[in-house]
Visitor: 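If you scroll down you'll find the structure; I have some questions about it.
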Protein chains: 2
Amino acid sequence: MLDREFFLGFIKIHILYHASKESIFGTEIAQELARHGYSISPGTLYPTLHRLEKAGYLKSSSQVVEGKVRKYYLATSAGKRVLEQSKKKIRELVTEVIEER
Amino acid sequence: MLDREFFLGFIKIHILYHASKESIFGTEIAQELARHGYSISPGTLYPTLHRLEKAGYLKSSSQVVEGKVRKYYLATSAGKRVLEQSKKKIRELVTEVIEER
DNA sequence: CTACCGATATTGCGATACGATATTGTATTC
DNA sequence: GAATACAATATCGTATCGCAATATCGGTAG
């Protein structure tokens, strides 16, 4: 599936978006994405979260919930800034590709 | 720049879109993308075009223009189909991430 | 202290990204 | 008609990413 190349960025924007609204953790965001018709495997998801954190877009904090350790991620201000940039790009894409300006 | 991961898919959708409207060739699409604030180097562009063709989304034909060989690409019906899928995904992304449904 | 379980982490390999460099093919000049 | 010039495409080498499969972690219950 080459198509995937087209949408992987969308998934990352989704992640950033959700993390800007509330704390999220890996398994949860995977399910959330699945609800939107995307799939992401742990071998892609976790390295991605790590990268986003390393880039300063997300900040993590571990919490124990029902005896299980979860790593909650929240968007930083830098992350929110990138999200806004992304929104702008999405709007441009809509104007160019969908609205047939 | 991690941000790039976010937008590479956008670039590919752009390419598919333009190739669905009219024949395009590499250097031209690179300039067109630059006009939209994207940059893509030849080391990324040409392999991408090759992949899109191999996947059956684009079809190429060589032409000589002003003494230079150009390889024009046009979207196939499969390519247009993927483009429509992409548009749908973009609309979903807008609904979810921008319109704050 | 062992077994269990949700969740996160890592591994191995194929594929992609990309700057730098090389190649191609035609026209022009002499 | 050989050499030169040039736009355009192609490839190379290295770093990084994608991902399915597998391993590991940390806490709780028995």
Side-chain angles (χ1 to χ4, degrees), chain A residues 1-16 18-19 22-34 37-74 82, chain B residues 1-16 18-19 22-34 37-74 82:
Chain A
M1 271 294 186
L2 172 63
D3 314 18
R4 191 151 184 85
E5 286 183 32
F6 290 43
F7 303 129
L8 254 173
F10 290 15
I11 290 179
K12 290 170 188 171
I13 292 172
H14 257 289
I15 291 174
L16 213 51
H18 284 293
E22 57 189 343
S23 284
I24 55 167
F25 63 98
T27 303
E28 178 186 38
I29 193 72
Q31 292 169 351
E32 169 69 16
L33 286 167
Y38 297 106
S39 71
I40 187 167
S41 79
T44 303
L45 176 60
Y46 291 105
T48 297
L49 289 173
H50 297 167
R51 246 178 299 129
L52 289 172
E53 180 167 25
K54 199 165 155 200
Y57 298 162
L58 296 180
K59 181 138 183 31
S60 71
S61 60
S62 293
Q63 248 178 76
V64 178
V65 178
E66 289 168 21
K68 304 300 177 306
V69 181
R70 290 179 182 173
K71 207 156 161 187
Y72 280 98
Y73 290 90
L74 202 57
V82 174
Chain B
M1 270 293 184
L2 173 60
D3 314 18
R4 190 148 186 85
E5 288 183 30
F6 289 43
F7 303 129
L8 255 173
F10 290 16
I11 290 179
K12 290 169 190 172
I13 291 172
H14 258 287
I15 291 174
L16 213 49
H18 284 292
E22 57 188 345
S23 283
I24 54 168
F25 64 99
T27 304
E28 177 187 39
I29 192 72
Q31 292 170 350
E32 169 68 17
L33 286 167
Y38 296 106
S39 71
I40 186 166
S41 80
T44 303
L45 176 59
Y46 291 105
T48 297
L49 289 173
H50 298 168
R51 245 178 298 129
L52 289 173
E53 180 166 26
K54 199 165 154 198
Y57 298 163
L58 295 179
K59 181 139 182 31
S60 71
S61 60
S62 292
Q63 247 178 80
V64 177
V65 177
E66 289 169 22
K68 303 302 175 305
V69 181
R70 290 179 182 174
K71 208 158 161 186
Y72 280 97
Y73 290 89
L74 201 56
V82 173

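Computed from a prediction, not measured in an experiment: that's the story for all the values here. Naming convention: chains lettered A, B, ... in sequence-line order (proteins, then strands); numbering from 1 in each chain. Quick note: numbers below take in every heavy atom, side chains included, and nothing from hydrogens, waters or symmetry partners.
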Visitor: Atom CZ of Phe6(A) and atom C1' of dA17(C): how far apart are they, to the nearest Å?
Guide: 16 Å

Visitor: Please name the pair of heavy atoms, one in Ala19(A) and one in Leu74(A), separated by the smallest distance, quoted to 0.1 Å.
Guide: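 Scanning both residues, the minimum pair turns out to be O-CD1, 3.3 Å.
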
Visitor: So if I take residues 26-34 of chain A and measure heavy-atom distances to DNA chain C, which residues fall below 4.0 Å?
Guide: Gly26(A), Thr27(A)

Visitor: Quick one: do Tyr73(A) and Ile29(A) satisfy side chain to side chain contact (heavy atoms under 4.5 Å, CB included)? Show the steps, please.
Guide: CA-CA 10 Å; Tyr73(A) 290 90; Ile29(A) 193 72; over 6 Å; no

Visitor: Tell me: OH of Tyr46(B) to P of dT16(C), nearest whole Å?
Guide: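 Between P of dT16(C) and OH of Tyr46(B): 19 Å.
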
Visitor: Do the charged groups of Glu28(B) and Arg70(B) touch, with an N to O distance under 4.0 Å?
Guide: no

Visitor: Tell me, with the steps shown, if Tyr57(B) and Asp3(A) meet side chain to side chain contact (heavy atoms under 4.5 Å, CB included).
Guide: CA-CA 10 Å; Tyr57(B) 298 163; Asp3(A) 314 18; 2.5 Å; yes

Visitor: Taking 4.0 Å as the cut-off, does a side-chain nitrogen or oxygen of Arg4(B) come that near to OP1 or OP2 on dT16(C)?
Guide: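 No.
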
Visitor: To the nearest angstrom, how far is Arg70(A) atom CZ from dT8(C) atom P?
Guide: 8 Å

Visitor: In whole angstroms, how far is the C1' atom of dA10(D) from the NZ atom of Lys54(B)?
Guide: 15 Å

Visitor: Is the phosphate of dA10(D), meaning OP1 or OP2, less than 4.0 Å from a side-chain N or O of Lys71(B)?
Guide: yes

Visitor: Restricting to non-hydrogen atoms, name the atom on Ser62(B) and the atom on Lys71(B) that form the minimum distance, rounded to 0.1 Å.
Guide: OG-CG, 3.9 Å

Visitor: Assign Ile40(B) to base, sugar-phosphate, or nothing according to its heavy-atom contacts below 4.0 angstrom with the strands shown.
Guide: nothing

Visitor: Please classify the nucleic acid contact of Leu45(A) as base, sugar-phosphate, or nothing, using heavy-atom distances under 4.0 Å.
Guide: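 Here Leu45(A) touches no strand at all.
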
Visitor: With each end axis built from five pairs of C1' atoms, what bend angle do you get for the helix from dC1(C)-dG30(D) to dC30(C)-dG1(D)? Round to 10°.
Guide: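 It works out to 20° between the end axes.
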
Visitor: Run the side chain to side chain contact (heavy atoms under 4.5 Å, CB included) check on Lys12(A) and Val82(A) step by step: do they pass?
Guide: CA-CA 11 Å; Lys12(A) 290 170 188 171; Val82(A) 174; over 6 Å; no

Visitor: In whole angstroms, how far is the C1' atom of dC17(D) from the NZ atom of Lys12(B)?
Guide: 11 Å

Visitor: Could you tell me the separation between the CG atom of Leu58(A) and the OG1 atom of Thr48(A), rounded to the nearest 0.5 Å?
Guide: 10.5 Å

Visitor: May I have the distance from Lys68(B) (atom NZ) to dA8(D) (atom C1'), rounded to whole angstrom?
Guide: 9 Å

Visitor: Indicate whether OP1 or OP2 belonging to dC17(D) is found under 4.0 Å from a side-chain N or O atom of Arg51(A).
Guide: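 So the side-chain polar atoms of Arg51(A) do come within 4.0 Å of the phosphate oxygens OP1 or OP2 of dC17(D), strictly under.
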
Visitor: Rounding to an integer number of Å, can you tell me how far Glu66(B) CD sits from dT26(C) P?
Guide: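 My rounded result for the distance is 15 Å.
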
Visitor: For Ser39(A) and Val64(A), take the nucleotide of DNA chain D holding the closest heavy atom to each; which residue's nucleotide lies nearer the 5' end?
Guide: Ser39(A)

Visitor: Go nucleotide by nucleotide along DNA chain C from the 5' end; which of Gly67(A) and Gly43(A) gets its closest nucleotide reached first?
Guide: Gly67(A)

Visitor: How close do Leu45(A) and Gly26(A) get, heavy atom to heavy atom, and via which atoms?
Guide: CD2-O, 3.3 Å

Visitor: With heavy atoms under 4.0 Å as the rule, sort Glu5(B) into base, sugar-phosphate or nothing.
Guide: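 Here Glu5(B) touches the backbone only, sparing every base.
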
Visitor: Please state how far atom OH in Tyr38(A) lies from atom P in dG18(D), giving the value in whole angstrom units.
Guide: 15 Å

Visitor: Parallel under 30°, tilted from 30 to 60°, perpendicular over 60°: which one fits the rings of His14(A) and His18(A)?
Guide: parallel

Visitor: Would you say that Thr27(B) contacts Gln31(B) through its side chain, given a criterion of any heavy-atom pair below 4.5 Å between the two side chains?
Guide: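 In short, these two side chains touch, coming nearer than 4.5 Å.
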
Visitor: Would you please confirm or rule out a distance under 4.0 Å between OP1 or OP2 of dC18(C) and any side-chain N or O of Ser41(B)?
Guide: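 For dC18(C), OP1/OP2 do not have a side-chain N/O of Ser41(B) under 4.0 Å.
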
